[in-house]
Number of protein chains: 2
Amino acid sequence: MELENVTDEATPAPRRRYDDACGTALALEFVGERRALLIIRELLLGPRRFGELRAGLRGLSANVLTQRLQSLEASGVLTRETLPPPANVQVYALTPWGKEAEPIVMALGRWALRSPAHDPSRPFSPVSLMLALRMMLLPDRARGFTATIGFRMGKEGYTAQIDKDRVLLDRSALDRADAVLTGDPNAFLPALFGTTPLPDLVARGRVTVDGDLALATEFCTFFALPPKIG
Amino acid sequence: MELENVTDEATPAPRRRYDDACGTALALEFVGERRALLIIRELLLGPRRFGELRAGLRGLSANVLTQRLQSLEASGVLTRETLPPPANVQVYALTPWGKEAEPIVMALGRWALRSPAHDPSRPFSPVSLMLALRMMLLPDRARGFTATIGFRMGKEGYTAQIDKDRVLLDRSALDRADAVLTGDPNAFLPALFGTTPLPDLVARGRVTVDGDLALATEFCTFFALPPKIG
DNA sequence: CTGTATCCGTGTTGATACTG
DNA sequence: CAGTATCAACACGGATACAG
């Protein structure tokens, strides 16, 4: 049947596009490619450099990261900015609209963590650990807590505060923290999301705490993984 | 079989897996493949058959749909059920956990609709139109409205009711509706999300209304697209 | 009609090597 | 450190053909 296979009507049929007016489908055209949402996750706590992104998303090769950054920039999700001298380095930052994707990242995380397939022994990036605090907060338990807790993981430092049912996160303000926990991201998990008291982790040398250990220990009880399905 | 293909070293190298403890990354392993979330969208209002899914997701080939259904079933997102005789047909239904993915679909849609790239002239599936009602409800405007409005699009029928800031959707309960709108999904848009009064659409023959036209017209004013970015 | 299997052209992904 | 180039493996979608 060599009959030419005329393309249905006028549409040139852009093959890899969902031809769908639904907002969800449009969103997937923006952020539906592999790892795109994880790149956004890594940017949710502030601008990052190319190499930092690669570090937070192990296994992502440079060429794919380049492609994603270009396509996310074209969509208006992020911008590429050059810091003024003497820094003079390039960083990638979410646009205001890009930051509004945070509820998507959170909804995905909260949902998937109910699966028994979740394996917290895999590595956490520093950003994803901090976002997990926001994701897993038990507001009733944390209410009224006013101290600032710092986390130092390798070169990265963050502070967390409780503000009305929400966790405020800030990069590199460790000097204002009432207590600073230092360690590998995964080392904190038993205290934050399990039942191990923070001092036990300190005793085992997995974590060190500078400042008010009692405050830090209390802070660690404000979080819990969601109940598993079934 | 030439065995060759020795897996690199200790790591069986699950190449296409994100090796990440973050819940967001895990979610993307479940629903991050192309169209997976759109399949979930099509199932959010009730079980569907293979062919119905293909109809709602034009351009999805049968082989890929088979793969997705298998992988979503393996993840526990949906189940394949055989209706009892005489129907005796197979349908795909979300599990309770799968239904909990609705906030993800909604968050994606609400976010993307703020982009100027959104083109409502593309086709809507009946399901996505009904979900758009839930997504775009202006609760303050709808409060107190108690009537039931039906929508008939081809063979598919749905009813919508307002229930405390939320739109209740039901399939095939048109007989209990106070007014039923009939037409193509896209034909409703000017009245639902634009400023065209419903009677104008009726006058132009794009939509027909059975029952209380005044109630239906009022219902159509309860929705609006989110403000564009910029 | 429902679903699966197979071939094929093309686009996407990721490992490695390479350039400024 | 920041990215590009190249290449092999795989995923996607169209078009079948085929089983119940």
Side-chain angles (χ1 to χ4, degrees), chain A residues 1-8 11-20 25 28-29 31-39 47-73 80-83 86-92 155, chain B residues 4-9 11-20 25 28-29 31-39 47-73 78-83 85-93 155:
Chain A
M1 301 289 293
E2 321 293 344
L3 216 261
E4 245 61 73
N5 184 13
V6 181
T7 52
D8 266 7
T11 329
R15 292 231 338 262
R16 281 189 86 69
R17 239 175 199 169
Y18 313 112
D19 187 25
D20 196 320
L28 292 175
E29 288 181 7
V31 299
E33 297 166 281
R34 269 179 80 72
R35 309 250 202 179
L37 273 167
L38 299 181
I39 292 171
R48 313 231 66 157
R49 304 186 57 177
F50 191 91
E52 296 176 306
L53 290 171
R54 282 200 76 185
L57 284 70
R58 291 150 316 96
L60 173 57
S61 52
N63 51 3
V64 175
L65 179 53
T66 300
Q67 280 178 221
R68 288 294 173 281
L69 291 171
Q70 282 169 354
S71 108
L72 290 171
E73 187 181 12
R80 167 193 312 243
E81 296 169 359
T82 307
L83 297 185
N88 221 1
V89 298
Q90 212 154 221
V91 297
Y92 298 88
K155 306 178 176 173
Chain B
E4 306 322 340
N5 190 9
V6 180
T7 50
D8 262 9
E9 298 292 337
T11 329
R15 289 234 335 264
R16 286 190 80 75
R17 228 164 210 179
Y18 313 113
D19 187 25
D20 197 318
L28 293 174
E29 287 181 8
V31 298
E33 295 166 283
R34 264 178 83 73
R35 309 249 201 178
L37 272 167
L38 299 181
I39 293 172
R48 312 233 66 159
R49 305 187 57 175
F50 192 90
E52 296 176 306
L53 290 172
R54 282 201 77 183
L57 284 69
R58 292 149 314 97
L60 173 57
S61 53
N63 49 6
V64 175
L65 179 54
T66 300
Q67 281 177 220
R68 288 293 174 282
L69 291 171
Q70 284 169 352
S71 108
L72 290 170
E73 186 180 14
L78 57 80
T79 54
R80 166 193 315 244
E81 295 169 359
T82 306
L83 297 185
N88 221 3
V89 299
Q90 209 154 222
V91 296
Y92 299 89
K155 305 178 175 170

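Letters A, B, ... are given to chains in the order of the sequence lines, protein chains preceding strands, and every chain is numbered from 1. All values reported here derive from a predicted model rather than from experimental measurement.
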In terms of heavy-atom contacts, A:Thr82 and A:Gln90 come closest through OG1-OE1, 3.7 Å
Within the structure, does a side-chain N or O atom of A:Tyr92 lie under 4.0 Å from either OP1 or OP2 of D:dG3?
-> yes
Between NZ of A:Lys155 and P of D:dC1 the distance, given in whole Å, is 7 Å
Within the structure, does a side-chain N or O atom of A:Arg34 lie under 4.0 Å from either OP1 or OP2 of C:dG14?
yes
With side chains defined as the heavy atoms from C-beta onward, is the minimum distance between B:Leu72 and B:Val31 less than 4.5 Å? yes
Check your understanding: Any side-chain N or O of B:Arg35 under 4.0 Å from OP1/OP2 of D:dG13?
Key -> yes
Would you call A:Leu60 and A:Leu53 a side-chain contact if the rule is heavy atoms closer than 4.5 Å? no
* Asked: Does the side chain of A:Arg80 reach to within under 4.5 Å of the side chain of A:Gln70, using non-hydrogen atoms?
  -> yes
From CD of B:Gln67 across to P of D:dG13 the rounded distance in Å is 10 Å
Practice problem: Examine C:dT2: is either OP1 or OP2 under 4.0 Å from a nitrogen or oxygen in the side chain of B:Arg49? Give yes or no. | Solution: yes
A:Arg68 near the nucleic acid: base, sugar-phosphate alone, or nothing, with a heavy-atom cut-off under 4.0 Å? sugar-phosphate
Residue pair B:Ser61/A:Phe50 against DNA chain D: nearer the 5' end by closest nucleotide is A:Phe50
Taken to the nearest whole Å, CZ/B:Arg58 to P/D:dG14 is 11 Å
A:Leu69 CG to D:dA2 C1', in whole Å, measures 11 Å
Here the distance between atom P of D:dA2 and atom CZ of A:Arg54, to the nearest Å, is 11 Å
Comparing nearest nucleotides in DNA chain D, the 5'-proximal residue of the pair B:Ala62, A:Thr66 is A:Thr66
Practice problem: Compare side-chain N and O positions of A:Gln90 against OP1 and OP2 of D:dG3 and report whether any pair is under 4.0 Å apart. | Solution: yes
Report task. Would you kindly check whether a donor in the side chain of A:Asn63 faces an acceptor in the base of C:dT13, or vice versa, at under 3.5 angstrom? Result -> no
*Any chance you could lay out the side-chain contact (heavy atoms from CB on, under 4.5 Å) test for B:Arg35 and B:Val64, step after step, and finish with the verdict?*
CA-CA 9 Å; B:Arg35 309 249 201 178; B:Val64 175; 6.0 Å; no
Taken to the nearest whole Å, CZ/A:Arg17 to P/C:dG11 is 14 Å
Any base atoms under 4.0 Å from A:Arg80, or only sugar-phosphate, or nothing? Heavy atoms, all strands. sugar-phosphate
Whole-Å distance, A:Gln70 CD to C:dT13 P, equals 13 Å
In whole angstroms, the gap separating C1' of C:dT2 from CD of B:Glu81 amounts to 17 Å
